[in-house]
Amino acid sequence: LTSAALVLVTVGCMSVSGQEAIRIVKCLPADVREIRVPKAEIVTDERGESVYKIKANETWRRTDIEVKRGEKIEITATGIVRWAQDGSDWTFVTPNGTRPPHLNYFPHPDAGIGSLIMRIGKGIYSAGSTASIESEDEGPIEFMINDDILTDNSGYFLVKVNVRQF
């Protein structure tokens, strides 16, 4: 419930302690209690297929795809994003990104800077241009760009997702 307290303070409802936040959240109707990640935009690519548009300056975006533990997810992504201010080296990247930052304040310290990353439940995965990933958790598939500061980013990746059950 720490994140719920943070959201309450962030949206300016009131300033409360952790225990007060728990009482407030328990009193809310079920549909209000569920704090969700915003939905990813769906667009049509040049082949007429529906794909997710993951913008470089936005945090996690949720797809309509729910997976279970052990399902195999096939990812293909295209596009170019700028992950830093002008003047920085290697600022324009494909979904594979550039070198890993190896800094703990990045969403995925071992994935390339500016690369496409995916989250399912508590697991965060490097997706890049192509990936085949077996889900270690269950929940909606979410995507974002691997960067610590999103406000200076631009561009987007188009992401196609296929899920296979075993």
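No experiment lies behind these values; they were computed from the predicted model shown.
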J.: Under a 4.5 Å side-chain heavy-atom rule over Ile, Leu, Val, Met, Phe, Trp and Tyr, are Ile42 and Leu116 clustered together?
T.: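 Yes; tracing contacts between hydrophobic side chains, which count when under 4.5 Å, links both residues.
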J.: First locate atom CD of Glu71, then atom CD of Glu66, and finally report the distance between them rounded to the nearest 0.5 Å.
T.: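 Between atom CD of Glu71 and atom CD of Glu66 there are 10.0 Å.
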J.: About how many Å separate OG1 of Thr94 and CZ of Phe157, when rounded to the nearest 0.5 Å?
T.: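 With rounding to 0.5 Å, CZ (Phe157) is 6.5 Å from OG1 (Thr94).
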J.: Would Ile73 and Ile65 count as a side chain to side chain contact (heavy atoms under 4.5 Å, CB included) here? Give the steps.
T.: CA-CA 10 Å; Ile73 302 131; Ile65 302 169; over 6 Å; no
J.: Run Val67 and Ile141 through side chain to side chain contact (heavy atoms under 4.5 Å, CB included) and show every step you take.
T.: CA-CA 7 Å; Val67 296; Ile141 296 175; 3.8 Å; yes
J.: What heavy-atom pair brings Ser154 and Ala56 nearest, and what distance separates the two atoms?
T.: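 Residues Ser154 and Ala56, closest heavy atoms: O-CB, 3.3 Å.
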J.: Is it possible for you to say whether Val161 and Met118 belong to one hydrophobic cluster, with membership spreading through side-chain heavy-atom contacts below 4.5 Å?
T.: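 Same cluster.
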J.: If I compare all heavy atoms of Glu134 with all of Gly70, which pair ends up nearest, and what's the gap?
T.: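 Scanning both residues completely, I find the closest heavy atoms to be CG-O, 3.6 Å.
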J.: Looking at every heavy atom in both Ile75 and Ala127, which two are closest together, and how far apart are they?
T.: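 Minimum heavy-atom separation between Ile75 and Ala127: CG2-CB, 4.2 Å.
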J.: Can you tell me how far the CG atom of Asp152 sits from the CH2 atom of Trp83, to the nearest 0.5 Å?
T.: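 Reported value, rounded in 0.5 Å steps: 9.0 Å.
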J.: Working to the nearest 0.5 angstrom, can you tell me the gap between Lys160 NZ and Thr78 OG1?
T.: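 Spacing of NZ (Lys160) from OG1 (Thr78) equals 11.5 Å.
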J.: Look at the side-chain heavy atoms of Ile, Leu, Val, Met, Phe, Trp and Tyr, link any pair under 4.5 Å apart, and say whether Leu158 and Val163 land in one connected group.
T.: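 No, separate clusters.
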J.: Testing the basics here: between Gly123 and Asp137, what is the closest heavy-atom pair and its distance to 0.1 Å?
T.: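 Here Gly123 and Asp137 meet closest at N-OD2, 4.4 Å.
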J.: Between Val51 and Ile133, is there a shared hydrophobic cluster once you connect ILVMFWY residues whose side-chain heavy atoms come closer than 4.5 Å?
T.: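 Result: no, two separate clusters.
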J.: Would Ile149 and Leu103 show up in the same hydrophobic cluster when neighbours are defined by side-chain heavy atoms closer than 4.5 Å?
T.: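 Ile149 does not cluster with Leu103.
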J.: Counting only N and O atoms by type, is there a donor-acceptor contact under 3.5 Å from the side chain of Asn146 to the main-chain atoms of Ile117?
T.: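 Pair absent, no side-chain N/O of Asn146 close to backbone of Ile117.
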J.: With heavy-atom distances below 4.5 Å as the criterion, would you say the side chains of Arg69 and Ile120 are in contact?
T.: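 No. Closest side-chain heavy atoms not under 4.5 Å.
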J.: Side chain of Asn96, backbone of Ser129: donor and acceptor closer than 3.5 Å?
T.: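 Side chain of Asn96 to backbone of Ser129, a donor-acceptor pair under 3.5 Å: yes, one is there.
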J.: Is Tyr125 atom OH crowded by more than 12 heavy atoms from other residues, nucleotides or ligands, each under 6.0 Å away?
T.: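 Buried by this count: over 12 neighbours within 6.0 Å.
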J.: About how many Å separate CG of Leu150 and CH2 of Trp60, when rounded to the nearest 0.5 Å?
T.: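 Answer rounded to 0.5 Å: 10.5 Å.
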J.: Measuring from Tyr52:OH to Arg61:CZ, what's the distance to the nearest 0.5 Å?
T.: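 Tyr52 atom OH to Arg61 atom CZ measures 14.0 Å (nearest 0.5 Å).
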J.: What pair of heavy atoms forms the shortest contact from Ala131 to Ser126, and how long is it?
T.: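 Closest heavy-atom pair between Ala131 and Ser126: CB-O, 4.2 Å.
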J.: Any salt bridge linking Glu41 with Lys55? Criterion: basic side-chain nitrogen under 4.0 Å from a carboxylate oxygen.
T.: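 Result for this pair is yes, salt bridge flagged.
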J.: For the residue pair Asp147 and Phe106, what are the closest heavy atoms and their distance?
T.: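 Heavy-atom minimum between the residues: CA-CE2, 3.6 Å.
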